[in-house]
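Quick note: numbers below take in every heavy atom, side chains included, and nothing from hydrogens, waters or symmetry partners. Proteins come first, then strands; the chains are lettered A, B, ... in the order of their sequence lines, and each starts at number 1.
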2 protein chains.
Amino acid sequence: MSDQSITIGALARAAGTTPATIRWYEGIGMLPAPARSAGNYRLYGPEHVARLGLIRRCRDLGFSLDAVRTLLNRTENEEGDCADITAIARDRLAELDRKIADLTALRRELSRMIDSCAGGTIAACRIVEALSPVSRS
Amino acid sequence: MSDQSITIGALARAAGTTPATIRWYEGIGMLPAPARSAGNYRLYGPEHVARLGLIRRCRDLGFSLDAVRTLLNRTENEEGDCADITAIARDRLAELDRKIADLTALRRELSRMIDSCAGGTIAACRIVEALSPVSRS
DNA sequence: TATGCACCTTACAGCAACTATAGGGTCAAG
DNA sequence: CTTGACCCTATAGTTGCTGTAAGGTGCATA
């Protein structure tokens with residue numbers, strides 16, 4: 001093992017993920033296949049650490065792997081316009097806003113249902129009643 | 001087809017879902033297998049409409065199918081205590097709160113990244129920079 | 001030298017909760 | 001009697017991994 005290369009476990013620790021995930025990224029082409037040691041171990045260099053780090057940061061921000069793929073393609077061309085990247089980020093922001101609004105509405109509804117229940121038997125439970133479709137139409 | 005039964009398509013429309021989903025629910029035991037017509041069509045009665053309606057309402061509120069299964073079991077016993085149901089609902093509420101908080105934090109971070117970018121080339125893009133792991137350690 | 005242990009290898013199955021596709025059969029209307 | 005909307009089964013694909021089985025490697029310790 002050369003002094004610059006690390007095993008899959010070390011790379012996983014460095015990026016806050018697992019060897020299984022890294023192998024899976026390699027299989028779907030998100031990470032290039034690295035060199036191998038005499039004993040067939042994968043050997044990663046700093047460029048892998050950087051690329052995997054970027055992938056994981058994007059995933060933690062909720063980007064789909066497809067979006068990350070596009071982002072990685074764009075960043076390959078340093079002279080390119082960053083408008084595409086901004087657009088992807090803005091799409092994700094809009095998606096987040098939609099999701100937050102949806103969940104907040106659900107939260108309100110569920111909270112109302114819980115508050116309306118005073119305990120007792122299932123037959124009397126206002127949550128069950130609220131969930132039953134007949135009570136809606 | 002008796003006057004009280006409807007086909008899978010009608011049931012799907014009534015519950016705001018699709019025939020494929022209903023068949024899938026039947027396969028995993030969420031919905032009982034209904035009677036069949038002479039031509040082997042599934043024939044559903046009002047009890048199926050009620051049960052599927054409840055399932056879909058719960059799913060729309062973000063309950064897992066597993067939680068819905070438990071809910072359905074509990075509601076079978078009308079004299080039982082509704083505490084279990086309240087507990088499931090409260091769990092879901094807590095989960096929603098966590099999720100909303102997470103997404104709100106992500107939204108803030110992403111929004112900051114977008115604001116920091118003034119356009120130009122990829123090399124200068126602050127979003128790319130913010131996503132790169134080197135800028136974090 | 002042996003042996004244990006942590007780590008690595010591949011291949012494949014499974015998770016949630018559906019959705020889509022292929023290749024057919026049924027039913028009512030025109 | 002054909003058209004078109006509907007239904008049937010079986011199987012594969014989706015996203016992003018995670019878990020399992022069955023084995024090989026590398027290093028420290030007895």
What's the [atom1]-[atom2] distance between [X] and [N], to the nearest Å?
{"X": "A:Y44", "N": "C:dC7", "atom1": "OH", "atom2": "P", "answer": "16 Å"}
{"X": "B:R23", "N": "C:dA20", "atom1": "CZ", "atom2": "P", "answer": "13 Å"}
{"X": "A:E95", "N": "D:dT15", "atom1": "CD", "atom2": "C1'", "answer": "13 Å"}
{"X": "B:I6", "N": "D:dC6", "atom1": "CD1", "atom2": "C1'", "answer": "14 Å"}
{"X": "A:I22", "N": "D:dT18", "atom1": "CD1", "atom2": "P", "answer": "11 Å"}

Exercise for the section: Decide side chain to side chain contact (heavy atoms under 4.5 Å, CB included) for A:V128 and A:I122; before the verdict, give the C-alpha distance in whole Å, the side-chain angles of both, and the deciding distance to 0.1 Å. Expected result: CA-CA 7 Å; A:V128 175; A:I122 300 265; 4.2 Å; yes

Handout entry: B:E109 bridged to A:R57 by N-O distance under 4.0 Å
Key =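 A:R57 and B:E109: salt-bridged.
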
Exercise for the section: Would you mind telling me which of D:dG16, D:dC8, C:dT9 lies closest to the side-chain atoms of B:Y41? Expected result: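 Side chain of B:Y41 sits closest to D:dC8.
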
Completion exercise
Which of D:dC7, C:dT19, C:dC27 is nearest the side chain of B:I8? It is D:dC7

Given [N], is OP1 or OP2 found less than 4.0 Å from the side-chain N or O atoms of [X]?
{"X": "A:R56", "N": "D:dC17", "answer": "yes"}
{"X": "B:R42", "N": "D:dC7", "answer": "no"}
{"X": "B:R36", "N": "D:dT9", "answer": "yes"}
{"X": "A:T7", "N": "C:dC8", "answer": "yes"}
{"X": "B:R59", "N": "C:dC18", "answer": "yes"}
{"X": "A:Y25", "N": "D:dG16", "answer": "no"}
{"X": "B:T21", "N": "C:dT19", "answer": "yes"}

Practice task
Measure from the side-chain N and O atoms of A:R92 to the backbone N and O of A:L61, and report whether any donor-acceptor pair falls under 3.5 Å.
Solution key: yes

Exercise for the section: For the residue pair B:R56 and B:Y25, confirm or rule out a side-chain donor-acceptor distance under 3.5 Å. Expected result: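 Yes, B:Y25 and B:R56 have a side-chain donor paired with an acceptor closer than 3.5 Å.
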
